[in-house]
**Q** 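Starting off with a structure, shown below.
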Amino acid sequence: NAGVTQTPKFRVLKTGQSMTLLCAQDMNHEYMYWYRQDPGMGLRLIHYSVGEGTTAKGEVPDGYNVSRLKKQNFLLGLESAAPSQTSVYFCASLTPGQPQHFGDGTRLSIL
Amino acid sequence: EDQVTQSPEALRLQEGESSSLNCSYTVSGLRGLFWYRQDPGKGPEFLFTLYSAGEEKEKERLKATLTKKESFLHITAPKPEDSATYLCAVLNSGGYQKVTFGTGTKLQVIP
C-alpha cells in the first residue's frame, strides 16, 4: 500500500518552461489537494478536488492549473514557470472527517 | 478566516527535558484538530486527531490536548529521534474539508 505518491521528486526548470506534477493515491479517497510549502509560510493550498472531474481554486491558485480525470490521480500544471514558483509541492488526500495523507513532495527550482 | 498560530517557532531541548508546543486557533466550526510530524525532505506524517475540548491522545512520549482555543503537544523525556518539525492543522465544517495549517515548531533534541 503506497499511499500518496508524487512524481517527480526533484526538478529544475528555466523561466517560461512548462511542466506537470503527478499525484497518485491508492486509498480511494474522494478529496485531493495540492499545497506549496515555503520557509516561514507553512502549507498553502493551491487547488483542490472533491471528486473525479471536479477541481477548485485554493488560497494561491495563480499560475497553476489542475486536472482530476481519474479518481486516483491529481495533476498540477505550471504553464509558464516563474522564479516565484520555486517551492516544495505536496499532494494530499483524505476521506471526510479524517486527517490528510501526504506524499513526500516535489522539490521544484525555477531559474 | 481560519487561523492557526504555533509557538515557539523553534525549540531546543536536552535529551530527557520535557516541554510543550502550543497551537492557538480560530476556526468557523471545528471538525477536528490534527498534529503532524514532518522530517526533513519528507511529507507531513499524521500523529493525532482531536475532536472536542477536553480530549487527550497519547503516543509514546507525545501527548496532545485540546481546549476551545488551543492545543498543546506535550513531549515527555524526549529523545534525539523526536527531532522534527511539528505541524498543527484545523479542519473546519466547510463543504470541501478545508484544512488550515500553522507554520510549525521545529524541535531539536540534543543528546
Side-chain angles (χ1 to χ4, degrees), chain A residues 2-10 21 23-25 27 29-51 54-61 66 68 74 87-108, chain B residues 1-10 21 23-25 27 29-52 55 57 59 62 64 66 71 73 84-106:
Chain A
V4 178
T5 303
Q6 292 184 235
T7 53
K9 295 187 186 304
F10 304 94
L21 282 65
C23 175
Q25 54 97 1
M27 297 169 284
H29 287 166
E30 288 290 336
Y31 294 75
M32 296 188 74
Y33 306 79
W34 276 107
Y35 293 91
R36 59 179 290 172
Q37 187 176 43
D38 302 291
M41 303 193 73
L43 285 157
R44 293 183 291 168
L45 182 65
I46 305 171
H47 285 280
Y48 64 95
S49 169
V50 301
T54 71
T55 64
K57 295 180 180 180
E59 183 185 355
V60 288
V66 288
R68 182 104 180 264
F74 196 26
S87 187
V88 182
Y89 292 86
F90 287 100
C91 176
S93 69
L94 66 73
T95 197
Q98 298 299 314
Q100 290 171 314
H101 294 257
F102 285 84
D104 279 338
T106 294
R107 283 140 191 86
L108 181 61
Chain B
E1 182 179 335
D2 300 342
Q3 287 192 326
V4 178
T5 303
Q6 292 188 246
S7 62
E9 290 186 10
L21 312 182
C23 170
S24 299
Y25 65 91
V27 62
L30 179 71
R31 289 196 61 186
L33 183 141
F34 306 117
W35 281 98
Y36 288 86
R37 169 190 172 127
Q38 186 174 22
D39 293 298
K42 296 289 187 180
E45 177 186 350
F46 169 72
L47 292 173
F48 302 109
T49 305
L50 301 167
Y51 291 104
S52 58
E55 189 174 1
K57 294 275 181 72
K59 180 180 180 180
L62 300 177
L66 180 64
S71 177
L73 185 65
T85 296
Y86 291 85
L87 301 174
C88 173
V90 294
L91 172 65
N92 76 7
S93 56
Y96 74 87
Q97 304 289 305
K98 180 184 176 185
V99 180
T100 302
F101 283 84
T103 54
T105 294
K106 186 174 183 178

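So that the names make sense, note that chain A is the first sequence line, chain B the second, and so on, each numbered from 1.
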**Q** Under 4.5 Å from any heavy atom of chain A, what part of Gln38(B) do you find: side chain, backbone, both or neither?
**A** side chain
**Q** How long is the gap from NE2 on His101(A) to OH on Tyr36(B), to the nearest 0.5 Å?
**A** 7.5 Å
**Q** So which atom in Gly43(B) and which in Asp104(A) form the shortest heavy-atom distance, rounded to 0.1 Å?
**A** N-OD1, 3.1 Å
**Q** Side chains of Tyr35(A) and Val99(B), heavy atoms from C-beta outward: is any pair under 4.5 Å?
**A** yes
**Q** Where on Gln100(A) is there a heavy atom nearer than 4.5 Å to chain B: the side chain, the backbone, both, or neither?
**A** both
**Q** Of the listed residues (Gly104(B), Gly102(B), Gly41(B), Ala89(B)), which shares the most heavy-atom pairs with chain A below a 4.5 Å separation?
**A** Gly41(B)
**Q** Taking atom NZ of Lys57(B) as the centre, report whether more than 12 heavy atoms of other residues, nucleotides or ligands fall under 6.0 Å from it.
**A** yes
**Q** Name the region of Gln6(A), side chain, backbone, both or neither, that has any atom closer than 4.5 Å to a heavy atom of chain B.
**A** neither
**Q** Measuring from atom CG of Leu94(A) to atom CZ of Phe34(B), what distance do you get when rounded to the nearest 0.5 angstrom?
**A** 7.5 Å
**Q** Quick check: closest heavy atoms across Gly42(A) and Thr103(B), and the distance to 0.1 Å?
**A** N-CG2, 3.8 Å
**Q** Do you know which of Glu59(A), Arg44(A), Gln98(A) has the most heavy-atom pairs with chain B at a distance under 4.5 angstrom?
**A** Gln98(A)
**Q** Against chain B, label Arg107(A) side chain, backbone, both or neither, depending on which of its atoms sit under 4.5 Å from a heavy atom there.
**A** side chain
**Q** Report the option among Pro96(A), Cys91(A), Gly103(A), Gly40(A) that has the most heavy-atom pairs separated by less than 4.5 Å from atoms of chain B.
**A** Pro96(A)
